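A quick note: this is a predicted structure, and the numbers were derived from the prediction, not measured.
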Amino acid sequence: MSSQYTKKDILRMVQEQDAEFIRLQFTDIFGRLKNVAIMASQTEKALKNQVMIDGSSVEGFTRIHESDQYLVPDRDTFAILPWRPRDGSVARLICEVYNPDGTPSAGDPRQILKRQLEEAAKEGYEFNVGPECEFFLFETDESGAVTTKTGDEAGYFDLSPIDHGETTRREICMNLEAMGFEVETSHHEVAHGQHEIDFKYADALTTADNIMTFKLAVKSIAQENGLYATFMPKPVNNTDGSGMHINMSIYKDGQNIFADAEDSRGLSAEAYHFIAGIMKHIKAITAITNPLVNSYKRLVPGYEAPCYVTWSENNRSALIRIPAVRGEDTRIELRSPDPACNPYLALAVCLAAGLDGMRGKMEPPEEITENVFDFDAQQRAKRGIESLPANLEQALAELQKDPLICDVLGAHALECYVRGKQKEWEEYKTQVSQWEIDRYMKTY
């Protein structure tokens, strides 16, 4: 696909907008944003793909004996970071990582997503995604260390004065709009200190880029206001965790093919097939969409996050929900992902799973309209309701058993991802928690 901007356009914008620093940003296999900063005088060199990185120092890219790799900027992602100083401003370009021979890095998450989008495009499909990103704002102490104190007493949809994060949330929205985001809603969430900002859906690659930009903006602006923002899924006991619901639709020839006015639910056959594909592969997908040990502290009964593999037209206890709007806005909402996931990988595996359902004309199981959390194990078994993986170890095992999802990642990225996450799980298993000390120290 051709670029909207030419190299001359980028050089002109750098000069016109007084950009002194350019951040060449890329994402590692675990969804962590990286960058190489260059002076404006080096922009032309960057646009010729001549900025090199040590790929062996970045998770998932390459091995130490073949470390040289190159950053290839996507010119259409050029933007000024509005929260940075206006005099001598800072711009960014999102990059992909390539090997010296010109081949894509097998561990580059952005290119993993692009491969899936290209496969979908061969069938005439465009994958559109709208995320719902939640996060916590915490106070810092006198030394600047992070606490879990929030300073507010607000709950769902509350506002100031009890919502002490409202000013920061407003600043985040204004800065995102300055970068071209169409911010649809922002509000306080259920837990103290918890917030949500939703921006308009876009094609999947743009959405994944936007999620990474969103996280950077949230953390940067919170820090400027003396707060700490975290996308950790469950930072506080006995309260709701942070999710990142993913709203998905498939377009063909400019039309949303998930919509069918003749169906009793307003859903097309393709929509049902897509749902079935997600449900078939969801246990493996969970290792990608819920990537931390901590992710599974959120996926428990009682806090609105899904635990069971169900779908429903409008049941918020379900894994997959169909929001009420229909027609061109018809979409499928996957409610299990959390904001710690790598959005490029998460969207890649969701698309592949959904298309697998469409190609195989799979049918989903019966809709569960009741609150599935009220079912006991016997009722769930009778209805054929399976559970999501209970922890990271189980999710990684499911990932390695699913040929389709393994193929989406590719052998290199899969090996790097699983190895890193297994190490994380092994480290976790050897830790002694405060709960264990409080529970057992005096008793035994």
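With hydrogens and angles disregarded, a donor-acceptor distance shorter than 3.5 Å links the side chain of N256 to the backbone of T330. No donor-acceptor pair under 3.5 Å is formed between the side chain of E424 and the backbone N or O of K421. Between the R298 side chain and the S336 main chain, a donor and an acceptor come within less than 3.5 Å of each other. When atom types are taken as modelled, the side chain of T207 and the backbone of V129 share a donor-acceptor pair closer than 3.5 angstrom. N128 places no side-chain N or O within 3.5 Å of a backbone atom of S249 that could act as its donor or acceptor partner. A donor-acceptor pair is defined here as one N or O able to donate and one able to accept, closer than 3.5 Å; no such pair exists between the side chain of D260 and the backbone of G266. Judged by distance alone, with hydrogens and angles left aside, the side-chain atoms of S89 form a donor-acceptor pair with the main-chain N or O of Q17 at under 3.5 Å. A distance-only check finds a donor-acceptor pair linking the side chain of T43 to the backbone of A40 [under 3.5 Å]. No donor-acceptor distance shorter than 3.5 angstrom exists from the side chain of Q116 to the backbone of A348, with no hydrogens or angles considered. For the pair R326 (side chain) and R265 (backbone), a donor-acceptor distance under 3.5 Å is present.
For the pair K219 and F214, the NZ or CZ position fails the cation-pi test of under 6.0 Å to the six-membered ring centre and within 45 degrees of the ring normal. Both cation-pi conditions hold for K234 and Y303: the charged atom is under 6.0 angstrom from the six-membered ring centre and inside a 45 degree cone around its axis.
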task = Evaluate the side chain to side chain contact (heavy atoms under 4.5 Å, CB included) criterion for residues Q194 and D240: first the C-alpha distance (whole Å), next the side-chain angles of each, then the deciding distance (0.1 Å), finally the verdict.
result = CA-CA 9 Å; Q194 189 183 33; D240 291 71; 4.1 Å; yes

message = One pair to check against side chain to side chain contact (heavy atoms under 4.5 Å, CB included): I288 and L409. What are the steps and the verdict?
response = CA-CA 10 Å; I288 305 298; L409 299 179; 4.0 Å; yes

request  = Decide yes or no on side chain to side chain contact (heavy atoms under 4.5 Å, CB included) for C173 and V183, but give the supporting numbers first.
outcome  = CA-CA 7 Å; C173 292; V183 177; 3.9 Å; yes

key: E132 and N247: CA distance, side-chain angles, deciding distance, side-chain hydrogen bond (donor to acceptor under 3.5 Å, both in side chains) verdict   = CA-CA 8 Å; E132 301 175 28; N247 293 270; 2.9 Å; yes

request  = Let me see the working for T369 and N315 under side-chain hydrogen bond (donor to acceptor under 3.5 Å, both in side chains), right down to the final yes or no.
outcome  = CA-CA 6 Å; T369 57; N315 177 355; over 6 Å; no

task = Dump the intermediate steps for side-chain hydrogen bond (donor to acceptor under 3.5 Å, both in side chains) on N99 and Q69, then the final yes or no.
result = CA-CA 5 Å; N99 302 315; Q69 293 187 305; 2.8 Å; yes

ask   = Step by step, would you call M248 with F127 a side chain to side chain contact (heavy atoms under 4.5 Å, CB included)?
value = CA-CA 7 Å; M248 301 173 281; F127 185 40; 3.7 Å; yes

ask   = Does the side-chain hydrogen bond (donor to acceptor under 3.5 Å, both in side chains) test come out yes or no for T168 and E171, once each step is laid out?
value = CA-CA 5 Å; T168 296; E171 288 181 29; 5.6 Å; no

query = What do the steps show when you test D74 against R110 for salt bridge (charged side-chain N to carboxylate O under 4.0 Å, His left out), and what is the final call?
reply = CA-CA 11 Å; D74 180 338; R110 197 172 193 264; 2.9 Å; yes

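Remark: Q50 CD is packed, more than 12 non-hydrogen atoms of other residues, nucleotides or ligands lying under 6.0 Å away. Counting non-hydrogen atoms of neighbouring residues, nucleotides and ligands closer than 6.0 angstrom, the CZ atom of F21 reaches no more than 12 such neighbours. Surrounding CD of E177 are more than 12 heavy atoms belonging to other residues, nucleotides or ligands, all under 6.0 Å away. Few gaps surround NZ on K429; more than 12 heavy atoms of other groups in view lie less than 6.0 Å from it. Within 6.0 Å of the CD atom in Q223, the count of heavy atoms belonging to other residues, nucleotides or ligands does not exceed 12. Counting non-hydrogen atoms of neighbouring residues, nucleotides and ligands closer than 6.0 angstrom, the CD atom of Q379 exceeds 12 such neighbours.
Here the side chains of P337 and T286 are not in contact, with every heavy-atom distance at 4.5 Å or above. Two residues are said to be in side-chain contact when any heavy atoms from C-beta on lie closer than 4.5 Å; I94 and R92 meet this criterion. The side-chain heavy atoms of C95 and V72, taken from C-beta on, include no pair separated by under 4.5 Å. Using a 4.5 Å heavy-atom cutoff, the side chains of L399 and V418 are in contact. Within the 4.5 Å cutoff, side-chain heavy atoms of N391 are placed close to those of Q394. With a 4.5 Å cut-off on side-chain heavy atoms, L319 and L334 count as touching. Counting heavy atoms from C-beta on, the side chains of D198 and C133 never come closer than 4.5 Å. Looking at M179 and L81, their side chains come closer than 4.5 Å, going by heavy atoms from C-beta outward.
Annotation: the span from S186 atom OG to L176 atom CG amounts to 10.0 Å, rounded to 0.5 Å. One finds the NE2 atom of H195 at 6.0 Å from the CZ atom of R169 (value rounded to the nearest 0.5 Å). The distance from the NE2 atom of H412 to the CG atom of D108 is 10.5 Å, given to the nearest 0.5 Å. We find the CG-CD1 distance between L33 and I211 to be 13.0 Å, quoted to the nearest 0.5 Å. Between atom CG of residue L388 and atom SG of residue C307 there is a gap of 7.0 Å, rounded to the nearest 0.5 Å. Taking CD of E370 as the start and OG1 of T310 as the end, the distance is 10.0 Å to the nearest 0.5 Å.
The salt bridge (charged side-chain N to carboxylate O under 4.0 Å, His left out) test with R321 singles out one residue from E304, E333, E367, and that residue is E333.
Of the charged side-chain nitrogens involved, at least one lies within less than 4.0 Å of a carboxylate oxygen, so that K122 and E119 count as a salt-bridged pair. Salt-bridge formation is not detected for the pair E386/R380: no Lys NZ or Arg NE/NH1/NH2 atom is positioned less than 4.0 Å from an Asp or Glu carboxylate oxygen. The pair E44-K7 fails the salt-bridge criterion, with no side-chain N (NZ, NE, NH1 or NH2) lying under 4.0 Å from an Asp/Glu carboxylate O. The pair K114-E96 meets the salt-bridge criterion, since a charged nitrogen lies less than 4.0 angstrom from a carboxylate oxygen.
In this pair, F138 and F136 present their aromatic rings parallel. The plane angle is below 30°, not in the 30 to 60° band.
Side-chain contact check for T206 and D203: at least one donor-acceptor pair (N or O, by modelled atom type) lies under 3.5 Å.
Annotation for T289 and A346: closest pair CG2-CB, 4.1 Å, computed over non-hydrogen atoms.
For Y98, the ring pair (Phe, Tyr, Trp, His ring centres under 6.0 Å) criterion is met by no residue, not counting sequence neighbours.
Y5 has its ring centre no less than 6.0 Å from the ring centre of F78.
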In residues 352-363, what donor-acceptor pairs under 3.5 Å come from side-chain atoms, sequence neighbours left out?
| residue | atom | partner | partner atom | Å |
| --- | --- | --- | --- | --- |
| D356 | OD2 | H281 | NE2 | 2.7 |
| R359 | NE | E123 | OE2 | 2.8 |
| R359 | NH2 | E123 | OE2 | 2.5 |

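Applying the ring pair (Phe, Tyr, Trp, His ring centres under 6.0 Å) definition to pairs two or more places apart or across chains, those involving residues 235-258 are F258-F274.
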